[in-house]
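In what follows, every heavy atom counts, from backbone to side chain, and hydrogens, waters and symmetry copies are set aside. For ligands, and for the atoms within them, numbers begin at 1 and follow the listed sequence.
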Amino acid sequence: MVKHSSEGIVPWPEQDAERYRGAGYWEDRPLGTQILEAADRVPDHIAVVDAADGTRMSYAELVDRADAAAERMLAMGLRRDDRVMVVLPNGWQFIVFTLACLRSGVIPVMALPAHRQYELRFLSNLAEARAFVAADAVKGFDYQDLAEELRAEVPTLEWAVISGAARGGNLTLEELLAPGDDPEGARARLDRDRPEGDDPALFLLSGGTTGLPKLIVRTHNDYVHNIKATTAVSALDEDSVYLVAMPVSHNFPLACPGVLGALLLGARVISVPSPNPAKIFPVIAAESVTDTAVVPAVAQKWIEFEQEHRTGNLESLRAVQVGGSRMPDELARKVRSVLGCTLQQVFGMAEGLINMTRLDDPEEVICTTQGRPVSEADEVRIVDPLMEDLPDGSPGAILTRGPYTPRGYYSAPEANAKSFAPGGWYSSGDIVERRSDGNLVVQGRDKDMINRGGEKVSAEEIESLVHQIPGLGIVAAVSMPDEVLGEKVCLYAQVPAGGTLTLERVQRHLKDIGVAEYKIPEKVVVVEEIPKTKVGKIDKKALRVDVAERMSDES
Ligand code: OOB
């Protein structure tokens, strides 16, 4: 037996775990095994269509490739519980590789293709990753140079596995994922040594409010429940055709119900590299896509595109899920009239809790609320600053607990002390009102985070990185309004007399240290003095008002 390392992982308390098992929320059957059972029912159905390269893969082939890859990884020297950085764009390779991990017990760390040296070095070290899996290049960025740098800096990192044209000693992902010559044997061997329900299935990245990125451990038990509860609410079934257009390593398109939900049902996944409507509307028509998930900024683009071009491409669409940031009510109302399908609002988090409007909710609920928890075992409290429960209709901080909301981040005791209240309640930092009908409305947030069209930027992280530029006084990152993305990152800087700071300088510095592009400020405001609150904290509210005024003056 492999010895399991649970260091750094915060388990659910024993009595909660017993309750979740007793009630059937935790099934103690790993996710990979359950996907294979679905594949057994429909071996000849197409499981994955990759619109980028034309791949069409049946369930039998998906399982064959994944199991062969799982065995190859183990033969290479990777072991169950070893962590692997995954920095892949959307594509069939991501899906097969993820299933191979789930089968072997090797744990994928779901980074984003947008991440760069700074994030990937930190996360590889934190996770003690042994392999790095990436494409050769995405949008002109060469991941093999990056892999080389990481290998020099991260002592645990041994292998780089590259999709496309691998150089030097790097392995080729497509070879790792090739079909095997003994599918039954591979399956039997992997079944015998399969992960247990409590084992980590994958690590997700936190949107983040602290100075450093954080990892979220999701177990087979908790993730299976997350997927099944969201699948039930979004009514996906074996005949569904699910389009993944947002970055697939994000919890929303991955598992709410997402790609993994579709695979658990024997349904079909259509993968496209980006949500550009001109490119993917024809794919929606050609593949008869029924369901998909996008952020509000993308929903808005789709609506504008359809209003302008009247493509008539969207007839097969049954429901579009929208989440990741607050959808304006006016935009929500256009989904049915322009896209011709049902809107499902989703207010979720990689840390667990997922809320959704129901497909048969009244239009008013669908267009003005972010829905309610997907699992009957989800516990939600709305509290005031003294942690007293508030009555329905009064906005407050949301706290949550449940069978798919872990009780702590990976190896991050300080962040845990801040984000988890006594009793194991996760505090997401969102300000939420619960209506008397149980639906939640996100009113704002009480966390130092900028939500750039669904991509989360920690203000603290940006501030500490900008501080590396010599000669600066106080700096403060705040959100500025943006018509398309909702928010963008703006940096305020107090610069001593005689000094200066330009946008170019800030951008160059952050690019040089390898920070993901979406986090880089798009405006710099130099001020003599940064405003403070009565208790001496930076007054970010005043800064947000100030930048909004400056922008309306400029336009
Ligand atoms: C999703 O997950 P994360 O981990 O990237 O971000 C979570 C945070 C929430 O705490 C909240 O601040 C914000 O994103 N958020 C929303 C929202 N959905 C997420 N804020 C307002 N309205 C919404 N509908 O973003 C995520 C994970 C799974 C499913 C959907 C979204």
Side-chain angles (χ1 to χ4, degrees), residues 110-112 114-115 202-210 213-216 218 222-223 226-227 229-231 233-234 244 246-261 292-299 320-329 331-332 335 343-357 365-375 378 380 395 397-400 404-406 409 419 426-433 439-459 479 485-487 516 518-519:
M110 298 299 185
L112 296 169
H115 288 133
L202 73 175
F203 285 10
L204 295 176
L205 269 54
S206 161
T209 51
T210 54
K214 296 185 297 289
L215 290 170
I216 305 158
R218 304 295 303 260
D222 99 61
Y223 222 43
N226 182 126
I227 297 165
T230 49
T231 300
V233 172
S234 52
V244 53
M246 302 305 298
V248 59
S249 39
H250 193 279
N251 192 35
F252 184 19
L254 182 62
C256 303
V259 167
L260 294 171
T292 191
V294 296
V295 292
V298 168
V320 173
Q321 299 180 299
V322 180
S325 65
R326 179 68 154 89
M327 183 179 214
D329 298 353
L331 184 64
V335 171
L343 165 67
Q344 179 164 58
Q345 292 213 42
V346 185
F347 162 43
M349 46 206 77
E351 283 84 352
L353 178 71
I354 307 291
N355 303 281
M356 292 180 174
T357 54
V365 170
I366 289 178
C367 294
T368 64
T369 85
Q370 283 66 55
R372 47 200 185 275
V374 293
S375 169
D378 283 318
V380 168
I398 184 169
L399 299 181
T400 187
Y404 63 97
T405 302
Y409 292 107
S419 298
Y426 171 62
S427 167
S428 75
D430 297 296
I431 302 296
V432 174
E433 176 195 328
N439 287 297
L440 306 179
V441 180
V442 181
Q443 302 281 16
R445 57 179 183 262
D446 179 23
K447 57 178 162 186
D448 211 0
M449 180 259 266
I450 297 136
N451 191 334
R452 189 184 185 278
E455 292 191 295
K456 314 303 181 327
V457 184
S458 153
S479 64
L485 296 168
E487 300 174 14
Y518 67 85
K519 298 182 183 174

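At least one N/O-N/O distance between A350 and ligand 1 falls below 3.5 Å. Residue G324 has at least one N or O atom closer than 3.5 Å to an N or O atom of ligand 1.
Residues R326 and Q370 are in side-chain contact: their nearest non-hydrogen atoms beyond the backbone lie under 4.5 Å apart. Residues Q345 and T368 are not in side-chain contact: their nearest non-hydrogen atoms beyond the backbone lie 4.5 Å or more apart. Side chains of I227 and Y404 form no contact here, defined as non-hydrogen atoms less than 4.5 Å apart. A 4.5 Å side-chain heavy-atom check between Y426 and M349 finds at least one atom pair inside the cut-off. Side-chain contact check for L260 versus L254: some heavy-atom pair is nearer than 4.5 Å.
Residue contacts with ligand 1 for K456 involve side-chain atoms from C-beta outward but no N, CA, C or O (heavy atoms, distance under 4.0 Å). Neither the backbone nor the side chain of V322 has any atom closer than 4.0 Å to an atom of ligand 1 (non-hydrogen atoms only). Residue S325 touches ligand 1 through its backbone alone, judged by heavy-atom distances below 4.0 Å. Only the side chain of V442 comes within 4.0 Å of ligand 1, counting heavy atoms alone; its backbone N, CA, C and O stay farther away. Only the side chain of K447 comes within contact range of ligand 1, with a heavy atom under 4.0 Å; no backbone atom does. Only side-chain heavy atoms of Q370 come within less than 4.0 Å of ligand 1; its backbone N, CA, C and O stay farther off.
The nearest heavy-atom contact from the protein to atom 19 (C) of ligand 1 is G348 O, 3.3 Å. Looking at atom 21 (C) of ligand 1, its nearest protein heavy atom turns out to be R326 N, 3.3 Å. Nearest protein heavy-atom contact of atom 2 (O) of ligand 1 is M349 CA, 3.4 Å. From the protein, the heavy atom lying nearest to atom 10 (O) of ligand 1 is D430 OD2, 2.6 Å.
Between the side chains of E351 and S428, no donor N or O sits under 3.5 Å from an acceptor N or O. A donor and an acceptor atom, one from each side chain of R372 and N439, are located under 3.5 Å apart.
With hydrogens and angles ignored, the 3.5 Å screen pairs no side-chain donor or acceptor of R452 with any backbone N or O of K456. At least one donor-acceptor pair under 3.5 Å links the side chain of T405 to the backbone N or O of L353.
In the vicinity of F252, heavy-atom distances shorter than 4.0 Å reach the ligand 1 atoms 28 (C), 29 (C), 30 (C).
At least one heavy atom of H250 sits closer than 4.0 Å to an atom of ligand 1.
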Quiz item: For L343 and V322, what are the C-alpha separation, side-chain angles and deciding distance, and is it a side-chain contact (heavy atoms from CB on, under 4.5 Å)?
Solution: CA-CA 7 Å; L343 165 67; V322 180; 3.5 Å; yes
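Atom 24 (N) of ligand 1 has its nearest heavy-atom neighbour, among V346, N226, L205, N251, in V346.
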